[in-house]
Amino acid sequence: MADGASPHSDTPARPDTPANRVLAWYDRQGRRLPWRAPPGVRPDPYHVWLSEVMLQQTSVQAAAPYFHDFLVRWPTVHDLAAAPQDAVLAAWAGLGYYARARNLHACARVVSEQYGGVFPGTEKELRKLPGIGPYTGAAIAAIAFDQPAAPLDGNLERVVARLFDVRAELPGAKETLREHLRFLVPEDRPGDFAQGMMDLGATICVPASPKCMLCPLAEHCAARAAGTAERLPAKAAKKPRPTKRCVAFWTVRDDGCVLLRRRPQKGMLGGMLEVPSTDWTEAGWDADSARPHAPANAQWRELPGRVRHGFTHFAFEITVWAGAVPAGTDPGDGQWWPLDRLADAGLPTAMRKIAEHAIKHGAVPEGGDFAAIRAR
DNA sequence: TATACGTGGGT
DNA sequence: TACCCAAGTAT
């Protein structure tokens, strides 16, 4: 809760520590985020948990609309726990890192069924739940339960590395950073301190061209004194990214349905719907090698161009074949999905691109009014 | 410790 | 265009 000592207050001035500077700065900013409770109000652990999972490796801007949608749809952890997994995955579609959605749902079920819907209030207990790792456990403990925990995310890594001029490479330097951070965390308002540090990293102590002139910690900052702030934290070099290719089969039934298939629970896009395709390989496919993988008998037409999509660890390049099949065609291990409800399928972005590509090239049933079909 | 795992925006 | 980066976790 905010109680920064005002000039007219009888409260003795707080010592000039980095934590107090961050807290004073945090109070001054008054930054509002959808999941942030007003000053002095203890936030709902369900909201804190939901937002923290959505924010894992994800920007505030991307997560915000999903956070809102989830709360409207599933106001309590019991509601989320009672939802079918397919619905949760579809609602998560487009946000990425789909294991988060599977773990979110699993976690909701544990909290609902084993904890009576009440999130545990300690880092240790939180860490046992699916999808809650070192960062998220500490963040929930600090923000929702006022525990003196020290969440260390990408923002904090950067702020702490600069504050102490830690030049060792990440991820190796992480424990060093954690040690430094431990001594900064205040007993009072640890949650606000954590959020203040994250805000600082997001708005002032940014990766390129940090705004040191505006920084409340500038006088304490060793990297600023040494002139190294701009290039910290140091990071290990990354591996080159291969390209994987496939042929995707856009299979349209003449009553206006398209064939989709659910992916296995583990691995890329686990549990999500996809456009059936060959395996994804670096070698790629020619017509003769691809044809046997088609999900149905049809006159296949290769659509012009390629769909390209960038994943974290490989580039994805898709050739789309379109084919029409009659009503009654066996979906095999897939399912027929009405084209005019494709937006409800919850396709991950790569698959949405394939669908848009096919629709753009007219691969829809003849006669019907499918011109306005939109994926997603 | 290293790798798999999405996506969109910024430079 | 290409790379970096974002409130990381699981294995």
Side-chain angles (χ1 to χ4, degrees), chain A residues 31 33-36 47-67 89 92-104 106-107 126-144 149-159 169-175 191 193-203 205-210 231 233-244 263-272 274 280 308-316 346-353 376:
Chain A
R31 188 181 186 208
L33 295 174
W35 40 83
R36 200 167 274 179
H47 296 186
V48 175
W49 163 71
L50 181 61
S51 66
E52 289 300 341
V53 174
M54 286 185 169
L55 287 164
Q56 289 166 6
Q57 294 289 283
T58 304
S59 68
V60 163
Q61 183 185 331
Y66 286 84
F67 177 78
L89 291 181
W92 196 274
L95 201 51
Y97 283 148
Y98 297 97
R100 290 185 297 169
R102 301 193 301 273
N103 287 329
L104 184 86
C107 182
L126 287 161
R127 279 295 313 275
K128 295 176 183 171
L129 297 168
I132 297 183
Y135 164 77
T136 306
I140 298 172
I143 297 170
L152 180 58
D153 73 329
N155 292 120
L156 275 286
E157 285 174 358
R158 187 169 55 255
V159 173
E169 265 182 4
L170 283 171
K174 198 152 182 170
E175 278 313 308
F193 171 73
Q195 294 181 89
M197 288 285 276
M198 290 188 267
D199 283 5
L200 196 59
T203 62
C205 195
V206 289
S209 308
R231 50 191 169 84
K235 294 193 176 178
K238 295 182 178 157
K239 282 179 37 177
R241 200 175 67 147
T243 296
K244 294 192 181 182
R263 293 179 58 80
Q265 285 285 317
K266 293 195 174 189
M268 284 294 294
L269 310 181
M272 302 298 287
E274 68 170 354
W280 307 357
R308 290 171 211 287
H309 184 74
F311 288 118
T312 304
H313 54 296
F314 64 90
F316 195 25
L347 295 179
T349 299
M351 298 301 148
R352 179 175 56 81
K353 287 182 180 176
R376 264 198 108 178

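Within every chain, numbering begins at 1; the chains are lettered A, B, ... in the order of the sequence lines, protein sequences first and strands thereafter.
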Donor-acceptor check, side chain of R127(A) to backbone of G137(A), threshold 3.5 angstrom: yes or no?
no

Check the distance between dG6(B)'s C1' and L95(A)'s CG and give it to me in whole angstrom.
9 Å

What nitrogen or oxygen pairs link the protein and nucleotides 8-11 of chain C at under 3.5 Å?
from    : atom 1 : to      : atom 2 : distance (Å)
dG8(C)  : OP1    : G154(A) : N      : 3.2
dG8(C)  : OP2    : Q57(A)  : N      : 2.7
dG8(C)  : OP2    : Q57(A)  : NE2    : 3.2
dG8(C)  : O5'    : Q57(A)  : N      : 3.3
dG8(C)  : O3'    : T136(A) : OG1    : 3.4
dT9(C)  : OP1    : G133(A) : N      : 2.8
dT9(C)  : OP1    : G133(A) : O      : 3.4
dT9(C)  : OP1    : T136(A) : N      : 2.9
dT9(C)  : OP1    : T136(A) : OG1    : 2.7
dT9(C)  : OP2    : P134(A) : N      : 3.3
dT9(C)  : OP2    : Y135(A) : N      : 3.1
dA10(C) : OP1    : G131(A) : N      : 2.5

side-chain N/O H313(A) vs dA4(B) OP1/OP2, d < 4.0 Å
no

State whether a side-chain donor-acceptor pair under 3.5 Å links E52(A) with Y135(A).
yes

Of the candidate nucleotides dG6(B), dC5(C), dA4(B), which contains the atom at the shortest distance from the side chain of P207(A)?
dC5(C)

With a 4.0 Å limit, can you tell me whether H309(A) has a side-chain N or O closer than that to the phosphate oxygens OP1/OP2 of dT7(B)?
yes

Using the ring centroid of each side chain, check whether H313(A) and F311(A) are separated by less than 6.0 Å.
no

Donor-acceptor check, side chain of R263(A) to backbone of E274(A), threshold 3.5 angstrom: yes or no?
no

Determine the contact category for L269(A): base if any of its heavy atoms lies under 4.0 Å from a base atom, sugar-phosphate if only primed atoms, P, OP1 or OP2 are that close, otherwise nothing.
sugar-phosphate

Please state the P separation for the pair dG6(B) and dT1(C) - nearest whole angstrom.
24 Å

Need one value for M198(A): base, sugar-phosphate or nothing, where a base atom within 4.0 Å counts as base even if backbone is also close, heavy atoms only.
base

Taking the side chain as every heavy atom from C-beta outward, state whether Y97(A) and T312(A) have any pair of such atoms under 4.5 Å apart.
yes

dC5(C), dA6(C), dG6(B): which one has an atom nearest the side-chain heavy atoms of T312(A)?
dG6(B)

For dA4(B), does either OP1 or OP2 sit under 4.0 Å from a side-chain N or O belonging to R100(A)?
no

